[in-house]
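Structure record follows, encoded as structure tokens.
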Amino acid sequence: MLVHIPDHFSSKFAFDFSKLPTSHTDRTSSKLAICSLLCGFGLLCLGIFELLSFIKNHGDETQSFVSLEFFAIIVILIALFIIAHGLHSLIRYKKFYFDGKNFKITYRPVLGMKHSVVEPLSNYIGIRFRVLYKQVGLIGKNKYIIDLYHKDHSKIIPLYISTKNKNIRIIWENYAKLFKLPALSIGDRGLVQRDFKDINKTLKELSSIGKLPLIASGEMPNPNNIAINNTNNNIRISQIFAHWDIFSSTFIFIALSVMFLLIIGATYLTLIGNSIPVKYWILGIAILFILSIFTAKLFSKSVIDIEKTELSVKDTLFGTITSTYSARLDEIENIELTYNPNLDKYSIAIIHKRGVIMFKNKLNVDSLIWIRDFLIRKIIE
């Protein structure tokens with residue numbers, strides 16, 4: 001019996017219901033899995049070659065605790081992990097079959113037998129949209145997910161998954177109209193529901209018909225970690241200091257520790273007279289360079305600019321703007337807090353007619369709630 005069903009595996013997925021019956025399989029990209037296996041086997045061969053060369057050339061010599069060939073063992077361990085991950089990705093999958101009334105869901109775990117369940121469409125309560133931050137090693141990106149929501153998480157059906165924020169709001173609307181189910185999102189207030197007939201209405205339109213989501217009165221002062229600057233009727237919202245999540249704090253600690261060990265190790269070996277091969281100098285410099293870049297990015301901040309007709313989210317690094325995402329105020333349909341279980345944190349999603357803008361931040365949830373309510377009030381003024 002399958003005990004745990006992971007989240008959706010795909011990064012590119014689109015369920016087509018134009019012809020029934022229909023089926024689709026949710027699995028990690030086979031190209032990515034095969035590349036992982038090839039990379040893993042390549043690293044494994046490199047590590048074994050380095051280790052055998054070390055044993056052949058230095059087997060009879062007494063070595064210090066700090067051995068240059070310790071690198072070979074690390075490479076072998078990394079290679080085994082990559083190979084295991086590639087095999088894991090190839091084996092597991094979830095397959096969905098729909099005949100117009102019922103879904104048949106088949107799970108194939110890495111270990112154990114396949115397991116299938118049948119669930120009627122009438123038991124699903126809405127079309128959920130969420131943005132999940134996908135972390136692959138040191139590289140992270142947003143994963144935009146639309147799924148057919150069920151209270152039993154093992155029965156949730158993926159409808160559309162992409163790492164590209166292109167027409168995502170329109171696709172969400174089309175699926176909601178297809179199944180005639182409410183549009184759902186998960187925020188700080190739990191499951192937020194909007195009738196599929198209202199999904200394309202802006203915040204101003206919802207306010208005019210009395211369907212605006214609940215917001216605060218606006219009488220609470222802004223939190224002490226948020227700065228509000230009003231210049232020539234242009235409002236800028238910025239964070240004063242960062243609220244570090246677990247991943248960021250852990251990464252900075254590990255990165256600084258690795259940098260320290262590399263520098264101390266190279267200095268120690270040089271002082272005791274050991275000659276460090278060029279390949280290890282190149283590797284060490286490459287590691288330091290990569291860690292420095294990603295550590296610097298963790299100190300980036302985002303600001304929100306509200307102008308007369310437009311709202312912009314600008315990413316900055318040490319005060320320099322690196323990217324800008326904008327939407328017209330009269331095109332914004334919703335502003336919600338989205339929860340990311342991978343990082344155990346909330347983010348602000350600004351949903352407009354052409355897509356979604358994510359406010360990348362390092363703020364606590366209370367500060368984000370205040371910003372969301374402040375933005376909604378300004379938009380409907």
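In this chain, numbering begins with 1 at the start of the sequence shown. Everything quoted here is computed from the prediction, not taken from an experiment.
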Open item on the list: I'd like to check the ring pair (Phe, Tyr, Trp, His ring centres under 6.0 Å) partners of His150; sequence neighbours left out, ordered by chain and number.
Closed with: Tyr124
- [ ] Mind checking ring pair (Phe, Tyr, Trp, His ring centres under 6.0 Å) for Phe179 and listing every partner two or more places apart, or none if nothing turns up?
- [x] Phe17
For the atom pair [atom1] ([X]) and [atom2] ([Y]), what is the distance rounded to the nearest 0.5 Å?
X      : Y      : atom1 : atom2 : result
Ser238 : Ile228 : OG    : CD1   : 7.5 Å
Ile156 : Phe103 : CD1   : CZ    : 12.5 Å
Ile380 : Thr202 : CD1   : OG1   : 10.5 Å
Leu148 : Leu181 : CG    : CG    : 6.5 Å
Ile379 : Ile332 : CD1   : CD1   : 3.5 Å
Ile82  : Cys39  : CD1   : SG    : 4.5 Å

Please say yes or no: joined through hydrophobic side-chain contacts below 4.5 Å, possibly via intermediate residues, are [X] and [Y] part of one cluster?
X      : Y      : value
Leu77  : Leu44  : yes
Phe98  : Val118 : no
Ile161 : Leu178 : yes

Task: Pair His8, Asp147: side-chain N/O donor-acceptor within cut-off below 3.5 Å - done: yes
Task: Lys NZ or Arg CZ of Lys94 over Phe9 ring: under 6.0 Å, within 45° - done: yes
Task: Worked verdict on Leu111 versus Ile91 for side-chain contact (heavy atoms from CB on, under 4.5 Å) - done: CA-CA 9 Å; Leu111 301 175; Ile91 295 172; over 6 Å; no
Taking the side chain as everything from C-beta on, heavy atoms only, tell me whether [X] gets closer than 4.5 Å to [Y].
X      : Y      : answer
Ile369 : Phe374 : no
Ile306 : Leu375 : yes
Thr22  : Asp99  : no
Trp172 : Ile351 : yes
Ile235 : Lys378 : yes
Tyr97  : Pro21  : yes
Arg108 : Lys114 : yes
Lys353 : Glu333 : yes

Taking every non-hydrogen atom, the tightest pair across [X] and [Y]:
X      : Y      : result
Met358 : Ser347 : CE-CB, 3.9 Å
Phe13  : Pro158 : CE2-O, 3.1 Å
Gly355 : Ile168 : CA-CG2, 4.1 Å
Ile348 : Leu368 : CD1-O, 3.6 Å
Ile127 : Ile146 : CG2-CG2, 3.5 Å
Ala14  : Tyr175 : C-OH, 4.3 Å

Sidechain-backbone polar pair: [X] side chain, [Y] backbone, donor-acceptor under 3.5 Å:
X      : Y      : value
Thr231 : Asn234 : no
Arg27  : Leu90  : yes
Glu310 : Glu307 : no

TODO: Step by step, work out the side-chain contact (heavy atoms from CB on, under 4.5 Å) result for Asp26 and Lys95.
DONE: CA-CA 6 Å; Asp26 174 26; Lys95 186 173 183 179; over 6 Å; no
TODO: Report the residue from Arg354, Lys204, His352 that forms a side-chain hydrogen bond (donor to acceptor under 3.5 Å, both in side chains) with Glu331.
DONE: Arg354
Does [X] have any side-chain hydrogen bond (donor to acceptor under 3.5 Å, both in side chains) partners at least two apart in sequence or in another chain, and if so, which?
X      : value
Ser116 : Thr106
Asn229 : none
Asn230 : none
Asp366 : none

Open item on the list: With side-chain contact (heavy atoms from CB on, under 4.5 Å) as the criterion, how do Phe15 and Phe96 come out once you've worked through the C-alpha distance, each side chain's angles and the decisive distance to 0.1 Å?
Closed with: CA-CA 9 Å; Phe15 214 137; Phe96 307 94; 3.7 Å; yes
Open item on the list: Considering only residues two or more places apart or on different chains, which pairs with a residue in residues 116-126 satisfy salt bridge (charged side-chain N to carboxylate O under 4.0 Å, His left out)?
Closed with: Glu119-Lys155
Task: Sequence neighbours excluded, every pair satisfying salt bridge (charged side-chain N to carboxylate O under 4.0 Å, His left out) that has a member inside residues 170-179 - done: Arg169-Glu173, Glu173-Lys177
- [ ] Under 4.5 Å between side-chain heavy atoms, chaining through other members, with only Ile, Leu, Val, Met, Phe, Trp and Tyr counted: pull out the rest of the cluster around Ile170, sorted by chain and number.
- [x] none
Name all residues meeting the side-chain contact (heavy atoms from CB on, under 4.5 Å) criterion together with [X]; count only those two or more places apart in sequence or in a different chain, and write none if there are none.
X      : result
Ile125 : Tyr149, Lys151, Leu184, Leu191
Ser323 : Asp315, Tyr325
Phe81  : none

TODO: Output, in order, the C-alpha distance, side-chain angles, deciding distance and verdict of side-chain hydrogen bond (donor to acceptor under 3.5 Å, both in side chains) for Ser312 and Asp305.
DONE: CA-CA 5 Å; Ser312 300; Asp305 286 340; 6.0 Å; no
TODO: Kindly check if the number of other-residue, nucleotide or ligand heavy atoms within 6.0 Å of NE2 (His85) is above 12?
DONE: no
